[in-house]
Amino acid sequence: IWGDKARLPDEKYLEITSMCGHAMISVNLIKKMINDVKKGIKTIEQAAAELAKPCVCGIFNAEKAQKILEELI
């Protein structure tokens with residue numbers, strides 16, 4: 001990684017964003033899904049499915065995302 005590493009989001013967020021080979025998963029979407037789960041709007045499974053939608057390459061692992069979301073929450 002080049003540049004100011006201090007400006008990068010937390011490592012757990014990067015684990016989710018890097019699951020898409022085209023970097024289509026934004027940190028802001030992850031934060032929104034976490035807030036939705038905390039508020040009871042979505043389940044963790046629904047949030048992981050929502051995170052998978054922008055991934056055009058189809059390699060996003062929703063099951064792994066669920067586990068990471070549980071750790072973040």
Side-chain angles (χ1 to χ4, degrees):
I1 298 173
W2 300 94
D4 186 7
K5 295 178 187 174
R7 297 182 67 190
L8 288 173
D10 183 43
E11 188 175 318
K12 290 293 178 186
Y13 289 99
L14 291 176
E15 283 184 43
I16 295 175
T17 60
S18 64
M19 279 194 231
C20 176
H22 295 93
M24 298 298 289
I25 314 299
S26 77
V27 173
N28 288 332
L29 180 60
I30 298 168
K31 289 178 181 179
K32 180 181 179 344
M33 291 300 106
I34 289 171
N35 286 332
D36 286 354
V37 171
K38 285 182 179 179
K39 292 178 183 177
I41 297 170
K42 293 185 185 291
T43 64
I44 290 180
E45 294 81 14
Q46 291 170 330
E50 190 73 26
L51 289 171
K53 287 181 182 179
C55 180
V56 294
C57 53
I59 63 169
F60 187 85
N61 186 339
E63 290 180 22
K64 184 175 179 183
Q66 287 178 28
K67 292 176 185 173
I68 297 170
L69 286 172
E70 287 174 359
E71 293 174 14
L72 287 169
I73 294 171

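One-based numbering along the sequence shown.
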| remark: Tested for side chain to side chain contact (heavy atoms under 4.5 Å, CB included) against Tyr13, the lone hit among Ile68, Ile34, Leu8 is Ile34

| task | Kindly work out whether a path of hydrophobic side-chain contacts (I/L/V/M/F/W/Y, heavy atoms less than 4.5 Å apart) joins Leu51 to Val27. | result | yes

| note | So CD1 of Ile16 and CG of Asn61: to nearest 0.5 Å the spacing works out to 11.0 Å

| said: Go through it in stages, so that I can follow the logic: the residues are Thr17 and Ile30, the test is side chain to side chain contact (heavy atoms under 4.5 Å, CB included), and I'd like the CA-CA distance, side-chain angles, deciding distance and then a yes or no. | reply: CA-CA 8 Å; Thr17 60; Ile30 298 168; 3.6 Å; yes

| field | Listed partners of Asp36 passing side chain to side chain contact (heavy atoms under 4.5 Å, CB included), at least two apart | value | Lys32, Met33, Ile41, Lys42

| task | Applying side-chain hydrogen bond (donor to acceptor under 3.5 Å, both in side chains), name anything that partners Glu50, two or more places apart in sequence or on another chain. | result | Lys53

| message | Quick one, Met19 with Ile59, criterion side chain to side chain contact (heavy atoms under 4.5 Å, CB included). Give me CA distance, side-chain angles, the key distance, then yes/no. | response | CA-CA 7 Å; Met19 279 194 231; Ile59 63 169; over 6 Å; no

| query | Would Cys57 and His22 satisfy side chain to side chain contact (heavy atoms under 4.5 Å, CB included), going step by step from the backbone distance to the final call? | reply | CA-CA 7 Å; Cys57 53; His22 295 93; 3.3 Å; yes

| remark: CD of Glu15 to CG of Leu69, rounded to nearest 0.5 Å, is 11.0 Å

| said: The criterion is side-chain hydrogen bond (donor to acceptor under 3.5 Å, both in side chains); which residues satisfy it with Glu71, sequence neighbours excluded? | reply: Lys12

| For Lys67, all residues meeting side chain to side chain contact (heavy atoms under 4.5 Å, CB included), sequence neighbours excluded | none

| task | Please identify each residue that fulfils salt bridge (charged side-chain N to carboxylate O under 4.0 Å, His left out) with Lys64, with sequence neighbours left out. | result | none

| task | Check whether any side-chain heavy atom of Thr43 sits under 4.5 Å from a side-chain heavy atom of Val37, and report yes or no. | result | no

| request: Take Asp10 and Leu72 through the test side chain to side chain contact (heavy atoms under 4.5 Å, CB included) and record every step on the way to the result. | output: CA-CA 10 Å; Asp10 183 43; Leu72 287 169; 4.1 Å; yes

| task | Quick one: pull up CZ in Phe60 and CD1 in Ile25 and give me the separation to the nearest 0.5 Å. | result | 5.0 Å

| field | Hydrophobic cluster identity match, Leu29 and Leu14, side-chain contacts under 4.5 Å | value | no

| request: Under the salt bridge (charged side-chain N to carboxylate O under 4.0 Å, His left out) rule, collect the residues that match up with Glu70, sequence neighbours excluded. | output: none

